[in-house]
K.L.:
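Just dropping this structure here.
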Amino acid sequence: MSRIWSWQPLDFRPDPSRFKGRLRAWREEWAKAGGQVDRSAAVTMEYNVRIIVSIDESTTIGKRNVFLAALAYSNLHQEMELADQLLKRVKVHDSGLYVTTAMSKTDQGGTGSSRFIRDRADLQLVRRARAWIAVLHELGADGPNDPLFRALTVKGGLRSYPAKRERGKKMRPGSLNERLQHLAEQAGVRYIDNKKVISHSWRAGANTDMKARGVSLTERNMVGRWSPGPTASERATRSTRSPSSAGPPEPWWRRARRAAY
């Protein structure tokens with residue numbers, strides 16, 4: 001609902017308090033009746049490194065994927081934020097990245113949230129950002145308003161879209177979710193603590209790691225772009241144990257669909 005609300009012109013956005021009040025009442029009744037949220041797994045640093053090292057960085061697709069996994073964790077990105085991110089909003093420095101996130105659920109005015117992410121040896125954000133941006137330059141897709149992440153063909157070329165496509169050159173958020181799920185499956189961590197890995201797992205994993213290190217709630221809310229207070233960021237923390245590759249088999253057509261990019 002927040003995305004639908006944020007898409008409206010500023011002067012035409014309805015008062016959301018009535019809907020939110022009804023939603024809170026429904027959640028309370030649902031919880032009393034035994035309802036439980038089906039939460040995603042948490043890709044903590046240990047799991048993300050395992051995923052990253054399984055990626056072949058010698059290929060164009062590998063350079064994109066490894067930077068995608070590193071950035072999704074480092075900036076606690078939602079899949080929509082990743083899909084909408086532009087090159088001009090990521091500044092690469094020798095010691096880290098300065099990233100501006102243009103829109104989030106708590107940034108309804110669209111002013112953006114910026115932070116400097118210091119590089120670290122296990123993620124190598126700077127090296128991997130430069131490698132992927134160099135690929136975009138070779139592909140002629142490195143304009144300031146070009147998307148940071150692009151859909152690629154099997155051979156590593158840019159995937160073409162119809163001229164009137166609504167999202168233009170940007171990938172669908174669902175495509176990025178499928179790509180991250182594929183990377184986790186490739187590394188043998190399709191499930192963590194019997195919960196399925198999805199794109200939100202990188203956000204939950206980073207938040208879980210910060211809480212384990214004693215990072216304050218206020219700082220975690222700021223880094224994750226959550227509203228002040230404990231509700232959202234506390235829901236995003238997970239307990240993690242050993243991974244399991246067991247689970248229901250994936251349909252063949254879904255695997256074939258992902259292989260195309």
Side-chain angles (χ1 to χ4, degrees), residues 6 43 45 48-49 51-52 55 57-152 156 158 167-173 175-177 179-180 183 199-200 202-203 205-207 209-210 213 215 218-226 233:
S6 65
V43 174
M45 177 60 75
N48 201 25
V49 169
I51 290 168
I52 284 173
I55 299 172
E57 295 188 58
S58 67
T59 67
T60 297
I61 293 176
K63 288 181 173 67
R64 180 201 62 184
N65 290 347
V66 76
F67 180 50
L68 173 64
L71 184 63
Y73 175 94
S74 299
N75 205 33
L76 288 79
H77 272 302
Q78 301 176 64
E79 62 181 29
M80 177 62 79
E81 294 170 345
L82 284 168
D84 286 349
Q85 186 59 282
L86 303 179
L87 264 169
K88 66 181 180 182
R89 297 182 186 140
V90 178
K91 308 295 183 184
V92 184
H93 302 273
D94 289 341
S95 56
L97 306 183
Y98 187 78
V99 180
T100 298
T101 305
M103 177 63 74
S104 68
K105 288 194 290 187
T106 56
D107 176 31
Q108 304 293 1
T111 56
S113 173
S114 301
R115 62 183 288 251
F116 183 79
I117 307 172
R118 190 166 296 280
D119 202 7
R120 46 189 297 170
D122 42 15
L123 292 182
Q124 301 179 47
L125 267 175
V126 171
R127 179 183 68 79
R128 285 165 172 150
R130 285 173 171 162
W132 171 237
I133 292 173
V135 167
L136 290 175
H137 177 72
E138 293 174 2
L139 295 173
D142 61 338
N145 291 311
D146 280 332
L148 179 62
F149 294 107
R150 298 293 299 270
L152 301 172
L158 290 175
R167 288 190 55 79
K169 302 174 184 177
K170 295 176 181 176
M171 294 179 70
R172 293 184 301 106
S175 294
L176 283 173
N177 178 44
R179 177 53 30 187
L180 287 166
L183 296 178
S199 61
H200 190 79
W202 275 257
R203 179 170 167 85
N207 186 48
D209 281 342
M210 285 193 294
R213 296 198 308 268
V215 177
T218 300
E219 185 174 351
R220 286 189 285 120
N221 281 338
M222 180 186 67
V223 171
R225 300 170 296 285
W226 283 293
S233 58

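Everything numeric in this text was worked out from a predicted model, so none of it was measured.
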K.L.:
Could you check whether Arg203 makes a cation-pi contact with Trp226, meaning its NZ or CZ is under 6.0 Å from the centre of the six-membered ring and within 45° of the ring axis?
P.N.:
yes
K.L.:
For Ala69 and Ile52, which heavy atoms make the closest approach, and how far apart are they?
P.N.:
CB-CG1, 4.1 Å
K.L.:
Do Leu136 and Asp146 come close enough that some side-chain heavy atom pair is under 4.5 Å?
P.N.:
no
K.L.:
Between OG1 of Thr101 and CZ of Arg115, what distance do you get to the nearest 0.5 Å?
P.N.:
8.5 Å
K.L.:
Has Asn207 got a side-chain atom pairing as donor or acceptor with Arg220's backbone, closer than 3.5 angstrom?
P.N.:
no
K.L.:
Arg128 and Glu57: side-chain contact (heavy atoms from CB on, under 4.5 Å), yes or no, with the steps?
P.N.:
CA-CA 9 Å; Arg128 285 165 172 150; Glu57 295 188 58; 2.9 Å; yes
K.L.:
List in chain and number order the residues that pass salt bridge (charged side-chain N to carboxylate O under 4.0 Å, His left out) with Arg167, two or more places apart in sequence or in another chain; answer none if no residue qualifies.
P.N.:
Asp84
K.L.:
So, taking the atom named CG in Leu82 and the one named CG in Leu176, what distance separates them when rounded to the nearest 0.5 Å?
P.N.:
6.0 Å
K.L.:
Determine the minimum heavy-atom distance between Ser74 and Ile117, stating which atoms define it.
P.N.:
CB-CG2, 3.9 Å
K.L.:
Report the C-alpha distance between Val99 and Gln85 in whole Å, list the side-chain angles of each, state the deciding distance to 0.1 Å, and finish with yes or no for side-chain contact (heavy atoms from CB on, under 4.5 Å).
P.N.:
CA-CA 9 Å; Val99 180; Gln85 186 59 282; 3.7 Å; yes
K.L.:
Go through Met45 and Leu123 one step at a time and tell me if the side-chain contact (heavy atoms from CB on, under 4.5 Å) criterion holds.
P.N.:
CA-CA 9 Å; Met45 177 60 75; Leu123 292 182; 3.7 Å; yes
K.L.:
Taking only residues two or more places apart in sequence, or in another chain, which ones meet Asp122 in a salt bridge (charged side-chain N to carboxylate O under 4.0 Å, His left out)?
P.N.:
Arg120
K.L.:
How many angstroms lie between atom CH2 of Trp202 and atom OH of Tyr73, to the nearest 0.5 angstrom?
P.N.:
12.5 Å
K.L.:
Enter the distance from Glu79:CD to His200:NE2 here, rounded to the nearest 0.5 Å.
P.N.:
10.0 Å
K.L.:
I'd like to know if the side chain of Arg225 reaches the main chain of Asn75, judged simply by a donor and an acceptor atom lying under 3.5 Å from each other, with no hydrogens or angles considered.
P.N.:
yes
K.L.:
Indicate the atoms forming the closest heavy-atom contact of Glu81 with Leu76, along with that distance.
P.N.:
OE1-O, 4.2 Å
K.L.:
Tell me whether Arg64 contacts the main-chain N or O of Phe149 through its side chain, where contact means a donor paired with an acceptor under 3.5 Å.
P.N.:
no
K.L.:
Could you report the tightest heavy-atom contact between Ala70 and Leu125, atom names first, then the distance?
P.N.:
CB-CD2, 3.8 Å
K.L.:
Could you report the tightest heavy-atom contact between Gly156 and Thr60, atom names first, then the distance?
P.N.:
O-CG2, 3.5 Å
K.L.:
Taking Val43's backbone N and O only, do any of them form a donor-acceptor pair with Asn48's side chain (distance below 3.5 Å, no angle check)?
P.N.:
no
K.L.:
Table please: side-chain donor-acceptor pairs of residues 88-95 below 3.5 Å, with sequence neighbours left out.
P.N.:
from: Lys88; atom 1: NZ; to: Asn145; atom 2: OD1; distance (Å): 2.7
from: Lys91; atom 1: NZ; to: Lys88; atom 2: O; distance (Å): 3.2
from: Asp94; atom 1: OD1; to: Arg130; atom 2: NH2; distance (Å): 2.7

K.L.:
Let me confirm one number: the CG-CD1 distance from Leu180 to Ile51, rounded to the nearest 0.5 Å.
P.N.:
8.0 Å
K.L.:
When rounded to the nearest 0.5 angstrom, what distance separates NE2 in His137 from CG in Leu87?
P.N.:
12.0 Å
K.L.:
Specify the closest pair of heavy atoms between Leu148 and Trp132, including all atoms of both residues, with the distance to one decimal.
P.N.:
O-NE1, 2.7 Å
